[in-house]
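Here the structure is laid out as structure tokens; the discussion comes afterwards.
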Amino acid sequence: MDTQGTNDQFEFERALLRLGVRRIAGVDEAGRGPLAGPVVAAAVSFPAEWISLGLPAELAGLNDSKQLTAAQREGFFERLTAGGVVQFAIARIDAETIDTINILQATHRAMNQALAQMRPQPEHVLVDGLAVKSLRFPQSALVKGDVRSFTIAAASILAKVTRDRLMLEYDRRFPAYGFARHKGYGTTRHLAALAEHGPSPIHRRSFAPLKPAQAELF
């Protein structure tokens with residue numbers, strides 16, 4: 001807890017600074033669960049001065065993307081990516097690759113690709129959830145990290161906004177499915193559209209209910 005009695009969402013970053021680690025990145029994903037579209041990962045690194053002294057006023061209210069409205073997420077996206085002060089990178093893995101290597105491996109590949117784009121490279125990575133064995137950097141895995149770390153929260157916003165924008169583009173290309181509303185998740189409307197039209201090119205065919213049923217063995 002900080003001096004104001006609130007959760008210190010730079011607690012883990014400050015601990016790393018005390019160990020002499022200055023280039024700290026947070027990484028998070030969006031889109032593991034949907035039936036369609038890519039999985040997107042983002043990596044974010046804040047200036048060490050912000051970690052020591054706190055976020056600037058324009059980032060007040062920064063939080064896990066799921067705790068924010070779409071308009072709030074868009075606002076934070078613009079402020080995080082403007083000006084060149086915050087380092088960030090974004091990567092996505094398409095549905096075809098997800099079907100080939102599975103969603104967990106695709107998610108980890110997107111995280112690695114985002115982190116590989118960071119310049120300079122991070123010295124340590126904060127990961128939301130469980131440790132990522134394939135990650136090519138020293139890491140700390142934080143359960144509910146997107147509400148415990150500002151760095152992970154920022155990454156969650158960049159990943160979520162990027163993916164939502166992509167799904168809006170796909171909605172224009174494939175209007176029968178309602179991607180603008182449900183972003184590819186398995187809502188009643190989405191399942192009804194699938195039953196009527198069949199899968200689109202961006203549907204994940206390895207996901208139930210798109211995955212063909214296995215023949216019974218006797």
Trace of the side-chain contact (heavy atoms from CB on, under 4.5 Å) decision for V86 with T81: CA-CA 7 Å; V86 176; T81 58; over 6 Å; no

Criterion side-chain contact (heavy atoms from CB on, under 4.5 Å) on I51 and L16, from CA distance to verdict: CA-CA 10 Å; I51 295 173; L16 287 165; over 6 Å; no

Working for side-chain contact (heavy atoms from CB on, under 4.5 Å), residues L55 and F10: CA-CA 9 Å; L55 290 173; F10 272 141; 3.7 Å; yes

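Looking at S156, its side chain never comes within 3.5 Å of a backbone N or O of D28 through a donor-acceptor pair. Put simply, the side chain of R189 never gets that close to the backbone of G186: no donor and acceptor are under 3.5 Å apart.
Cluster membership check: Y185 does not share its hydrophobic cluster with M167, using side-chain heavy-atom separations under 4.5 Å among Ile, Leu, Val, Met, Phe, Trp and Tyr. The hydrophobic clustering, which links ILVMFWY residues whose side-chain heavy atoms are closer than 4.5 Å, places F77 and V85 together. Under a hydrophobic-cluster definition in which Ile, Leu, Val, Met, Phe, Trp and Tyr are linked whenever side-chain heavy atoms come within less than 4.5 Å, directly or via other members, Y177 and F207 are assigned to the same cluster. Under the 4.5 Å side-chain heavy-atom criterion for ILVMFWY residues, no single connected hydrophobic cluster contains both I202 and L168. A continuous path of ILVMFWY side-chain contacts below 4.5 Å connects F179 to L166, so both sit in one hydrophobic cluster.
Scanning both residues, I98 and I93, for their nearest heavy atoms gives CD1-O, 3.8 Å. Of all heavy-atom pairs between A131 and Q139, the closest is CA-OE1, 3.5 Å. Across Q113 and R92, no two heavy atoms sit closer than the pair OE1-O, 4.2 Å. E78 approaches R165 most closely through the heavy-atom pair OE2-NH2, 2.9 Å. When all heavy atoms of L68 and R73 are compared, the pair lying nearest together is O-NH1, 2.8 Å. Closest approach of A155 and G26 over heavy atoms only: CB-O, 3.6 Å.
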Donor-acceptor list for residues 31-41 side chains, cut-off 3.5 Å, not counting sequence neighbours:
none

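Listed by chain and number, the hydrophobic cluster partners of L115 are V27, M111, V125, V127, V132, L135, F137, where partners are ILVMFWY side chains within reach of under 4.5 Å, directly or through others. The hydrophobic cluster around I101 extends to none of the other residues, as no ILVMFWY side-chain heavy atom falls under 4.5 Å of it.
Here the CG-CD distance, from D128 to E29, works out to 7.5 Å after rounding to the nearest 0.5 Å. One distance of note links CZ of R148 with CG of L142; it measures 5.5 Å at 0.5 Å rounding. Atom-to-atom distance recorded for L59:CG and F46:CZ is 6.0 Å, nearest 0.5 angstrom. The CD1 atom of I157 sits 11.0 Å away from atom CD of E74, with the distance rounded to the nearest 0.5 Å. Rounding to the nearest 0.5 angstrom, the gap separating the CZ atom in R79 from the CD atom in E58 is 8.0 Å. To the nearest 0.5 Å, atoms CD1 (I103) and OG1 (T97) are separated by 10.5 Å.
For H203 and Y170, the ring centers sit 6.0 Å or farther from each other.
At a threshold of 4.5 Å between non-hydrogen side-chain atoms, the residues L194 and P199 count as touching. Contact check for P201 versus F174: side-chain heavy atoms found under the 4.5 Å cut-off.
A 6.0 Å sphere centred on CZ of R22 holds no more than 12 heavy atoms belonging to other residues, nucleotides or ligands. For L130, the CG atom is loosely surrounded, since the number of other residues' heavy atoms within 6.0 Å does not exceed 12. Heavy-atom contacts from other residues, nucleotides or ligands closer than 6.0 Å to CD of Q121 number more than 12. Environment of CZ in R23: crowded, with over 12 heavy atoms of neighbouring residues, nucleotides or ligands closer than 6.0 Å.
The one candidate from Q9, K144, E13 that meets the side chain to side chain donor-acceptor pair (under 3.5 Å) condition with S149 is E13.
Side-chain contact annotation: N112 with S134, donor-acceptor N/O pair under 3.5 Å present.
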